[in-house]
Amino acid sequence: MDADSLLAFVRYHAWANDRILTVAADLTDEELRKDDVLDLGNAFDVIRHLVDVDWSWREFCLGNDVGDTYVWDHGYELDDLNQIHAFSLEEDMRLRRFVESLDDAALAEPWGTDERFKRPRWLVISHIVSHGTQHRSELARYFTVCGHSPGDLDNLLDAFELPWPTDGEA
C-alpha cells in the first residue's frame, strides 16, 4: 500500500475517533459506565481500550515492544473522558506524523519485535483502523440506543477530504 492511500485510512480513523469521543461526552456518566452493555463491559472501558490499542500498535511500528502493558502504565492519565479525548487527538496526530514520515519502501518493510512476528508496517497500521472501526461500530450502536447517535461513520470514501480533527476543522 502506498503512503498516500494509507494516510487516507489514518485520516478517516482520526475523524471517526473524534466523532465518537465528541458524542460520548453527551452520555450521562451512568450510561458511559453501565456494565455489560458491550463485549468489553461498558462504553468507557471500550473507549479506553480503543485508544490504548492505537497507542500500543503505533509503538510497535516504532520498534517499542510494550508487551502486555497499557498506555496508562506508561504515565498517561486516562481516567476520564476529557483526558481520553485529548490523548486520542494527540495519538491520532502521532500516527499521522509517523505515516507521513515513511516512504513506500518503509511501509512495505516486514516489521516486528522478533522473528516470530513480522508484518509490513502498512498492514499493522491498517489493523489499527480496522480495530477502531469494530469498536466505534459497537459504541455507535450503544450511543444510539441511549439517544445519542453519532450519525454516519461510514465516510471512508470521503477520506481524502475529511478534516483532520487536530486541524480545528472538525
Side-chain angles (χ1 to χ4, degrees), residues 6-62 64-99 113 119 123-156 158-159 162-170:
L6 187 59
L7 196 57
F9 279 100
V10 170
R11 179 189 299 250
Y12 162 75
H13 180 68
W15 172 85
N17 282 348
D18 184 55
R19 182 75 194 129
I20 280 291
L21 284 159
T22 298
V23 173
D26 294 334
L27 274 70
T28 66
D29 197 56
E30 181 181 327
E31 291 168 329
L32 195 60
R33 295 177 188 271
K34 184 176 181 181
D35 285 331
D36 301 321
V37 295
L38 298 166
D39 288 345
L40 295 178
N42 62 50
F44 183 82
D45 289 341
V46 172
I47 292 168
R48 269 183 27 135
H49 169 77
L50 178 64
V51 299
D52 173 58
V53 169
D54 285 3
W55 172 83
S56 64
W57 278 112
R58 184 191 49 78
E59 287 290 316
F60 172 84
C61 286
L62 291 169
N64 301 324
D65 184 0
V66 298
D68 293 333
T69 65
Y70 300 99
V71 65
W72 44 89
D73 296 332
H74 295 266
Y76 295 100
E77 289 191 34
L78 301 177
D79 298 325
D80 67 43
L81 200 55
N82 290 331
Q83 290 172 328
I84 293 172
H85 198 164
F87 179 83
S88 179
L89 290 169
E90 293 166 3
E91 184 56 32
D92 288 334
M93 180 57 75
R94 286 188 286 267
L95 183 60
R96 173 186 178 179
R97 288 186 179 135
F98 176 67
V99 171
T113 52
R119 302 292 186 274
L123 186 59
V124 175
I125 295 165
S126 295
H127 170 72
I128 293 170
V129 176
S130 177
H131 175 265
T133 298
Q134 174 188 343
H135 290 302
R136 285 188 301 268
S137 296
E138 294 170 331
L139 290 163
R141 172 73 172 101
Y142 176 66
F143 292 178
T144 300
V145 168
C146 293
H148 300 283
S149 172
D152 291 336
L153 294 176
D154 65 342
N155 295 356
L156 184 58
D158 298 325
L162 288 172
W164 287 100
T166 52
D167 289 344
E169 302 170 20

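Computed from a predicted structure; not experimentally measured. For the numbers below, each heavy atom of this structure counts, side chains included, while hydrogens, waters and symmetry mates do not.
- With hydrogens and angles ignored, the 3.5 Å screen pairs no side-chain donor or acceptor of E59 with any backbone N or O of W55.
- Here the side chain of N42 pairs a donor or acceptor atom with the backbone of D45 at under 3.5 angstrom.
- Using a 4.5 Å heavy-atom threshold, the side chains of D73 and V66 count as separate.
- Distance check: F143 CZ to I20 CD1 gives 5.0 Å after rounding to the nearest 0.5 Å.
- The shortest heavy-atom contact between A159 and A8 is CB-O, 3.3 Å.
- Expressed to the nearest 0.5 Å, how far CG of N17 lies from CG of L50 amounts to 5.0 Å.
- Side-chain contact between W72 and R48: present, with at least one pair of heavy atoms (C-beta onward) separated by less than 4.5 Å.
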Exercise for review: Go through the steps for F98 and C61 under the test side chain to side chain contact (heavy atoms under 4.5 Å, CB included), then give the verdict.
Suggested key: CA-CA 9 Å; F98 176 67; C61 286; 3.6 Å; yes
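- Counting heavy atoms from C-beta outward, W57 and L95 have side chains that stay 4.5 Å or more apart.
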Check your understanding: How far apart are the C-alpha atoms of F9 and V99, what are their side-chain angles, what is the distance that settles it, and do they pass the side chain to side chain contact (heavy atoms under 4.5 Å, CB included) test?
Key -> CA-CA 10 Å; F9 279 100; V99 171; over 6 Å; no
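- Among residues two or more places apart in sequence or in another chain, the salt bridge (charged side-chain N to carboxylate O under 4.0 Å, His left out) test is passed with R136 by none.
- Using modelled atom types, one side-chain atom of T133 and one backbone atom of V129 make a donor-acceptor pair closer than 3.5 Å.
- The environment of Y70 atom OH is sparse: at most 12 non-hydrogen atoms of other residues, nucleotides or ligands sit within 6.0 angstrom.
- Taking all atoms of both residues into account, the shortest heavy-atom contact from A14 to D92 is CA-OD2, 3.4 Å.
- Side-chain N or O atoms of Y12 include one that pairs as donor or acceptor with a backbone N or O of L153 at under 3.5 Å.
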Point to revise | salt bridge (charged side-chain N to carboxylate O under 4.0 Å, His left out) evaluation trace for K34 with E31 | key: CA-CA 5 Å; K34 184 176 181 181; E31 291 168 329; over 6 Å; no
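- At distances below 3.5 Å, at least one donor-acceptor pair connects side-chain atoms of T22 with backbone N or O atoms of D18.
- Expressed to the nearest 0.5 Å, how far CD of E91 lies from CD1 of I84 amounts to 13.5 Å.
- With rounding to the nearest 0.5 angstrom, the CG atom of L78 is 13.0 Å from the NE2 atom of H85.
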Check your understanding: Given the rule in the side chain to side chain contact (heavy atoms under 4.5 Å, CB included) test, do R11 and R96 qualify, once you have shown the distances and angles that lead to the verdict?
Key -> CA-CA 7 Å; R11 179 189 299 250; R96 173 186 178 179; 5.5 Å; no
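- Note that CD1 of I47 and CG of L32 are 5.5 Å apart. Values are rounded to the nearest 0.5 Å.
- Judged by distance alone, with hydrogens and angles left aside, the side-chain atoms of D152 form no donor-acceptor pair with the main-chain N or O of D154 at under 3.5 Å.
- The OG atom of S56 lies 9.0 Å from the NE2 atom of H74; values are rounded to the nearest 0.5 Å.
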**Study point:** Criterion side chain to side chain contact (heavy atoms under 4.5 Å, CB included) on W15 and W164, from CA distance to verdict
**Key:** CA-CA 6 Å; W15 172 85; W164 287 100; over 6 Å; no
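- Checked by atom type, the side-chain pair H13/D54 shows a donor-acceptor distance below 3.5 Å.
- Closest non-hydrogen pair, A43 versus V37, comes out as N-CG2, 4.5 Å.
- For residues 22-50, the set of pairs meeting the ring pair (Phe, Tyr, Trp, His ring centres under 6.0 Å) definition, not counting sequence neighbours, comprises H49-H131, H49-H135.
- With sequence neighbours excluded, no residue forms a salt bridge (charged side-chain N to carboxylate O under 4.0 Å, His left out) with R19.
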